[in-house]
Amino acid sequence: MTVEPKPSIKDVGSERLAAWLREQGQPAFRAKQIREWLYPKWCTDFTEMTNLPATLRAELAVAFEAFTVSADETVRGTDETEKFLLALPDGNRIESVLIRAPGRETVCISTQVGCPVRCVFCASGRGGLVRDLTAGEIVDQVIFACRALGHRVNNIVVMGIGEPLLNLGNLIPALDAICAADGLGVGARHVTVSTSGIVPGIRRLAEVARPWNLALSLHSPTDAGRSKVIPPRHRYPLVDVLAACDEYARLSGRMVTLEYTMIAGRNDSRDDLARLAQIARRLRAKVNLIPYNRTGEGICAPPAEGVAAFLDELCAGGVQATVRREKGAEIGAACGQLRARACPADGGAVG
Ligand code: SF4
């Protein structure tokens, strides 16, 4: 007989929790007490909720999960990067990465188990989508990182396993809880949501008008180039992607960032450079050039001098651009690599 995992208490709406507390004969103020333990105090176990009656703590533990992630493996890099392979209550695994820099501690979180987009160079997409993460599972990755750090992270990037904009129904409430003053209290302007270019998702995110940053993984500045990286099912015409990004920048008031993974011979020609500069100027977007850092795909980054020349020309063309090294390259911090190694059936070979 298989035992159904219990729901995360963070996924139980306030009305349902209020009704559940009433059924247990508990006063309504218990809900506020529970929330205070779960969010600002990063509590992971109902037994720690010492201002609740012991009977209530026991009943909560029977009905709900207080915390949904546990470390299966932690890999530390030499560059202050820690990558966590996290187990979920149903046995699935995800990854998150903690990146420490002076005054800026960032956690990169996942939004799905696997990914339906299946970009050709990405280990996360190899086995397709297993399931969406719940809001509670998304929040718990941030709490896990805060606990590992001993204090609150100040930067969140939603760039781990999964396409965030295909799980907005859970991501939006999760980020709201992460940013709420009575939640985890992370500044909303320090949240960046990444997408491969899911047009309906960008438009929906624009409509909810939170001050989160949007990062578009462009991969190539042409439809032909993007078609070599993103399979058709979740690929949108570039003209629509850019129009949606325009709308996002207008409604959110935030700058869009273009993430550009540089692959030798694929997207580093003079033509690519000119088109990328044109797109960046149109969106008034900053460009992050990310030299491809993985092996085993028969593709590689351009030589360092080629990356530097590409950067110089972008900047000379009036584009704000930087080269960003993928932190934790030596520990396989690129999206999905650790999970792929741990769960070859889901993630395939390591990218
Ligand atoms: S790069 Fe992002 S969108 Fe593409 S398969 Fe990997 S996780 Fe999914």
Side-chain angles (χ1 to χ4, degrees), residues 108-122 124-125 128-133 135 138 156-176 188 191-261 263 266-267 272 275-288 290 319 335-336:
C108 174
I109 56 174
S110 297
T111 51
Q112 296 178 310
V113 180
C115 182
V117 179
R118 308 184 82 156
C119 301
V120 293
F121 59 72
C122 176
S124 299
L129 176 69
V130 178
R131 69 170 173 86
D132 288 336
L133 295 188
I138 295 169
I156 311 277
V157 292
V158 190
M159 292 186 184
I161 296 174
E163 165 51 67
L165 300 196
L166 292 177
N167 186 18
L168 275 179
N170 292 330
L171 179 62
I172 291 171
L175 290 180
D176 281 343
V191 171
T192 300
V193 179
S194 169
T195 181
S196 59
I198 305 296
V199 169
I202 298 172
R203 292 199 182 281
R204 183 164 164 218
L205 205 57
E207 279 161 22
V208 300
R210 306 291 199 271
W212 302 326
N213 305 297
L214 182 70
L216 170 66
S217 291
L218 194 60
H219 297 309
S220 163
T222 66
D223 282 309
R226 281 168 60 80
S227 73
K228 291 184 187 142
V229 178
I230 308 174
R233 186 153 176 247
H234 291 290
R235 190 179 67 244
Y236 291 82
L238 205 42
V239 64
D240 296 339
V241 175
L242 299 181
C245 287
D246 272 337
E247 188 179 332
Y248 187 85
R250 187 172 57 79
L251 292 177
S252 70
R254 305 298 289 161
M255 183 193 253
V256 175
T257 303
L258 300 175
E259 304 282 325
Y260 197 80
T261 301
I263 302 174
R266 298 267 180 111
N267 61 5
D272 292 321
R275 287 174 199 269
L276 175 60
Q278 198 179 26
I279 291 171
R281 282 193 294 265
R282 170 199 161 159
L283 292 176
R284 289 190 211 89
K286 183 185 164 205
V287 176
N288 280 331
I290 308 157
V319 175
C335 172

Show the numbers, then the answer: is there a salt bridge (Lys or Arg N to Asp or Glu O under 4.0 Å) between D272 and R266?
CA-CA 9 Å; D272 292 321; R266 298 267 180 111; over 6 Å; no
N/O donor-acceptor pair under 3.5 Å between Q112 side chain and E163 backbone:
yes
Can you tell if the side chain of L166 reaches within under 4.5 Å of the side chain of P116, non-hydrogen atoms only?
yes
When rounded to the nearest 0.5 angstrom, what distance separates CZ in R275 from CG in L218?
12.0 Å
side-chain hydrogen bond (donor to acceptor under 3.5 Å, both in side chains) against T257, all qualifying residues, sequence neighbours excluded
none
Looking at every non-hydrogen atom in both residues, tell me the closest pair between A209 and L251 and how far apart they are.
CB-O, 4.3 Å
Taking all non-hydrogen atoms of both residues, which atom of S220 and which atom of Y260 are closest, and how far apart?
CA-CE1, 4.1 Å
Assess the residue pair E259 and I290 against the criterion (side-chain contact (heavy atoms from CB on, under 4.5 Å)); give the C-alpha distance rounded to whole Å, side-chain angles, the decisive distance to 0.1 Å, and a yes or no.
CA-CA 7 Å; E259 304 282 325; I290 308 157; 3.1 Å; yes
Pairs satisfying salt bridge (charged side-chain N to carboxylate O under 4.0 Å, His left out), at least one member in residues 205-233, at least two apart:
D176-R210
Expected output: side-chain T195 to main-chain G197 donor-acceptor under 3.5 Å:
yes
Tell me if the CZ atom of R284 is crowded by more than 12 foreign heavy atoms within 6.0 Å.
no
If you define the side chain from C-beta out and look only at heavy atoms, does anything of I263 sit under 4.5 Å from F121?
yes
Measure from the side-chain N and O atoms of N170 to the backbone N and O of L133, and report whether any donor-acceptor pair falls under 3.5 Å.
yes
Taking all heavy atoms of L258 and all of A285, pick out the closest pair and write down the distance.
CG-CB, 3.8 Å
So, for L214 and C245, which heavy atoms are closest and what is the spacing to 0.1 Å?
CD2-SG, 4.3 Å
How long is the span from the CG atom in L175 to the OG1 atom in T111, to the nearest 0.5 Å?
10.0 Å
Using only atom types and a distance under 3.5 Å, with no angle test, would you say the side chain of S124 pairs donor to acceptor with the backbone of I161?
no
So, do R282 and D246 sit near enough that their side-chain heavy atoms are less than 4.5 Å apart?
yes
Donor-acceptor check, side chain of N267 to backbone of H219, threshold 3.5 angstrom: yes or no?
yes
Taking C-beta and beyond as the side chain, do I138 and N167 meet within less than 4.5 Å on heavy atoms?
yes
Could you check if a side-chain atom of V158 sits within less than 4.5 angstrom of a side-chain atom of S194, using non-hydrogen atoms only?
no
For M159 and C108 the tightest heavy-atom approach is C-SG, 3.6 Å
Taken to the nearest 0.5 Å, the spacing of Y248 OH from L216 CG works out to 12.5 Å
In the structure I gave you, are the side-chain heavy atoms of N213 and M255 within less than 4.5 Å of one another anywhere?
no
For a side chain to side chain contact (heavy atoms under 4.5 Å, CB included) with R204, tell me which candidate from L165, I172, V199, I198 qualifies.
I172
Taking all atoms of both residues into account, what is the closest heavy-atom pair of A174 and A135, and its distance?
CB-O, 3.7 Å
